[in-house]
Enquirer: 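One structure, pasted below without further comment.
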Amino acid sequence: TLSGENFVYSSSLTCRFGLIDVAASFVSSTEVVCAAPSLAAGRALVSVSNNGADFSASELSWMVHSDAVVANVSPALGSVTGGSVVMVRGAGFADTPMVKCSFSGVAAAATSFVSATELACTAPEHMAGMVQVDVANNGVDFTDSGVQFQFVEEATLSGLSPQRGAVAGGTGVLVSGHNLVDSDALACRFGEVSSPGRWVSSSEVECVSPQAASGVAGSVAFSVSLNGAEYIPSGLSFEYVGAVTLESVYPTTGPSSGGTELFLAGTNFYYAPGLTCRIGLVEVAASFVSSTELRCLTPPLTAGVLPVSVSANGIDFASGEASFTATGDAEVLSVSPPLGSAAGGTEVTVTGRGFTEVTQLACLFGGVASSTATFVSEDELKCTTPTHEPGVTRLEVQMDSMLTTKSNVAFQFLPAPTVVSLAPNSGSQAGNTVVVIDGRNFVASDLLACKFGAASVPARWLSSAQIECVVPARSSVGSEKAELAA
């Protein structure tokens, strides 16, 4: 569009660009329009003629630019609210106030010349969707680039899990939010350090924490970028902590059926919902005791030696050299004799399966440990009963102070029996004399016996105060001590 004076409507109305003439269109006596011909880059003088022969004495200088070319844009997406600074790269960009960027016909909020190959264009407000980015050096003649930019709905972040990880980095973090989009430029920022993100869904993104920038523990601001340039305001934080270490596990042996309480010693433990023990491949929740101690209850396991590891956040596991041996379930099957004096001292034989030879071995009579316990085999133990109140108790076996076997076997503690008298108090050397013994605390038992010297014979229970026995034969005459064995 050329502005001047004394323009006349004529079929010969002409514009001249340098040495090339083109037809002009009359608009008014002060304005004509003409299409510029193809010209070499540089400045060209422009003049107008009403008759195609006499051109205006006054000539205007018109700048001819090389054709602008748009090659790519970065970032390739931004919010529908606008404001994203998009670097448009290509060739032929002019350093002129007229240079403009366009997003499918919507002018950029601002366009800044950087170089002949780069412009900085501020995206306008725009509805969600794909648009084409074009450039016009004169603000009018825009390229047809085919290069696209995506407007996306405003994204928000609502949380991340876990919220803590090791200073060394490497913690997998799951970020939740809204309107999260898949992008090659997706990134998470931990303080001032970014790491690539992986899109899971419109509400979840995964990323791995980098090493803490400072190399020390502490909280840092956390955010996510959909385009690698602009980060979503979140108010979220991630805490770098010292690496968790596991030093020991106690006890080191337990039944494969589970139920053994483990005490785990280490460093840098902290209270968190993600506290976890991993035994073999099975994970269970852990209980926080202190920064150096955790506890967990073994789940059902496959028998064998299993590595043990712990995690404070449910993601990063520390193992060390700790292991736990899951054994076949130890079980008490019987005890002989099944009863004894409340005063203790009765030696019993405990039969079962799965017994192990450990330093801390005990038979438990109603929770009271035996005075001695001796490992004989995987199927047999010898124990000496402790002092105990009279009554029926459950007999269990304890190994390593922690592991208690399954048992439905009972042992009965009895008041000590007392013999007051026996009648008759003499009989034939050939034996067969029936003797009635009076006393107290006699109990009906298949093991009830009378002992004459070194010989024991079965006794028949009559009442708690009376039993009878048949005297055995003796090789010689003389007196013998009569005793009661219950």
Side-chain angles (χ1 to χ4, degrees), residues 331-352 361-374 376 379-398 404-486:
E331 185 175 8
V332 175
L333 299 177
S334 66
V335 60
S336 179
L339 47 82
S341 172
T346 303
E347 184 178 276
V348 297
T349 299
V350 180
T351 58
L361 179 67
C363 291
L364 300 181
F365 295 83
V368 180
S370 58
S371 56
T372 64
T374 303
V376 178
D379 305 321
E380 184 177 321
L381 304 176
K382 298 285 188 182
C383 295
T384 303
T385 61
T387 302
H388 198 285
E389 291 293 323
V392 177
T393 63
R394 186 170 70 166
L395 172 61
E396 298 173 292
V397 171
Q398 189 178 65
T404 303
T405 60
K406 297 189 299 183
S407 174
N408 291 314
V409 174
F411 183 86
Q412 185 176 9
F413 284 94
L414 303 170
T418 302
V419 175
V420 175
S421 65
L422 71 162
N425 59 6
S426 63
S428 169
Q429 181 183 350
N432 290 324
T433 301
V434 176
V435 176
V436 175
I437 301 174
D438 294 315
R440 57 181 179 271
N441 297 329
F442 301 155
V443 295
S445 166
D446 292 340
L447 300 176
L448 192 64
C450 294
K451 187 175 183 181
F452 296 87
S456 293
V457 295
R460 187 169 73 89
W461 184 82
L462 301 177
S463 70
S464 62
Q466 193 173 70
I467 61 172
E468 65 178 17
C469 302
V470 177
V471 180
R474 190 171 183 272
S475 59
S476 62
V477 297
S479 296
E480 285 188 328
K481 184 179 180 181
E483 297 178 284
L484 175 66

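Here the structure is a predicted model, which means the values were calculated and not measured.
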Enquirer: Going by the rule side chain to side chain contact (heavy atoms under 4.5 Å, CB included), which residues pair with S334 if we only count those two or more places apart in sequence or in a different chain?
Expert: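 Listed in chain order: T351.
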Enquirer: Which pair of non-hydrogen atoms, one from S371 and one from T385, has the smallest distance, and what is that distance?
Expert: OG-O, 4.0 Å
Enquirer: Does the side chain of P338 reach to within under 4.5 Å of the side chain of L447, using non-hydrogen atoms?
Expert: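 In short, these two side chains touch, coming nearer than 4.5 Å.
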Enquirer: Are side-chain heavy atoms of L364 and V397 found at a separation under 4.5 Å?
Expert: no
Enquirer: Within the distance-only criterion (no hydrogens, no angle test), does the side chain of T393 pair as donor or acceptor with the backbone N or O of F411 below 3.5 angstrom?
Expert: yes
Enquirer: Taking the side chain as every heavy atom from C-beta outward, state whether V368 and P386 have any pair of such atoms under 4.5 Å apart.
Expert: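 In contact.
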Enquirer: Check for a donor-acceptor pair, side chain of D438 on one end and backbone N or O of Q466 on the other, with a separation under 3.5 Å.
Expert: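 Not a single qualifying donor-acceptor pair exists.
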Enquirer: Output the distance between atom CD (E331) and atom CG (N408), rounded to the nearest 0.5 Å.
Expert: 7.5 Å
Enquirer: Is there a side-chain contact between L395 and V350 in this structure, where contact means two heavy atoms from C-beta onward sitting under 4.5 Å apart?
Expert: yes
Enquirer: To check you understand the geometry: which heavy-atom pair defines the closest contact between S370 and A373, and what is its length?
Expert: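 Smallest heavy-atom distance, with atoms named: OG-CB, 3.9 Å.
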Enquirer: Using the side chain to side chain contact (heavy atoms under 4.5 Å, CB included) criterion, which residues pair with S336? Sequence neighbours excluded.
Expert: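 Not a single residue meets the side chain to side chain contact (heavy atoms under 4.5 Å, CB included) criterion with S336.
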Enquirer: Any non-hydrogen side-chain atom of V470 less than 4.5 Å from a side-chain atom of F452?
Expert: no
Enquirer: For residues T433 and S426, report the shortest heavy-atom separation together with the two atoms involved.
Expert: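 Between these two residues, the closest heavy atoms are CG2-O, 4.1 Å.
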Enquirer: Run the numbers on V436 and I467 for side-chain contact (heavy atoms from CB on, under 4.5 Å), then give the verdict.
Expert: CA-CA 6 Å; V436 175; I467 61 172; over 6 Å; no
Enquirer: Judged by atom type as modelled, is there a donor-acceptor pair below 3.5 Å linking the side chain of Q398 to the main-chain atoms of A362?
Expert: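 Side chain of Q398 to backbone of A362, a donor-acceptor pair under 3.5 Å: no, none is there.
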Enquirer: Is T387 reaching over with its side chain to a backbone N or O of A343, donor-acceptor style, under 3.5 angstrom?
Expert: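 Present.
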Enquirer: Could you tell me which residues satisfy salt bridge (charged side-chain N to carboxylate O under 4.0 Å, His left out) with E347, sequence neighbours excluded, listed by chain and number?
Expert: none
Enquirer: Side chains of P472 and V457, heavy atoms from C-beta outward: is any pair under 4.5 Å?
Expert: yes
Enquirer: Is any side-chain heavy atom of T346 less than 4.5 Å from a side-chain heavy atom of P337?
Expert: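 Answer yes - side chains close enough.
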Enquirer: Where is the tightest heavy-atom contact between V376 and K382, given as atom of each residue plus distance?
Expert: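 Scanning both residues, the minimum pair turns out to be CG2-CG, 3.7 Å.
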Enquirer: Could you give the distance from CG (L422) to SG (C469), rounded to the nearest 0.5 Å?
Expert: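 Spacing of CG (L422) from SG (C469) equals 9.0 Å.
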Enquirer: Go through it in stages, so that I can follow the logic: the residues are T374 and L381, the test is side-chain contact (heavy atoms from CB on, under 4.5 Å), and I'd like the CA-CA distance, side-chain angles, deciding distance and then a yes or no.
Expert: CA-CA 6 Å; T374 303; L381 304 176; over 6 Å; no
Enquirer: Just do the side-chain contact (heavy atoms from CB on, under 4.5 Å) check on E468 and I437 with the steps written out, would you?
Expert: CA-CA 6 Å; E468 65 178 17; I437 301 174; over 6 Å; no
Enquirer: Yes or no on side-chain contact (heavy atoms from CB on, under 4.5 Å) for V420 and R440, after CA distance, side-chain angles and deciding distance?
Expert: CA-CA 8 Å; V420 175; R440 57 181 179 271; 4.2 Å; yes
Enquirer: Can a donor-acceptor pair be found, under 3.5 Å and without considering hydrogens, that links the side chain of W461 to the backbone of F442?
Expert: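 Such a contact is found between W461 side chain and F442 backbone.
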Enquirer: When you compare the side chain of F413 with that of S341, does any pair of heavy atoms fall below 4.5 Å?
Expert: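 SC-SC contact between S341 and F413 ruled out.
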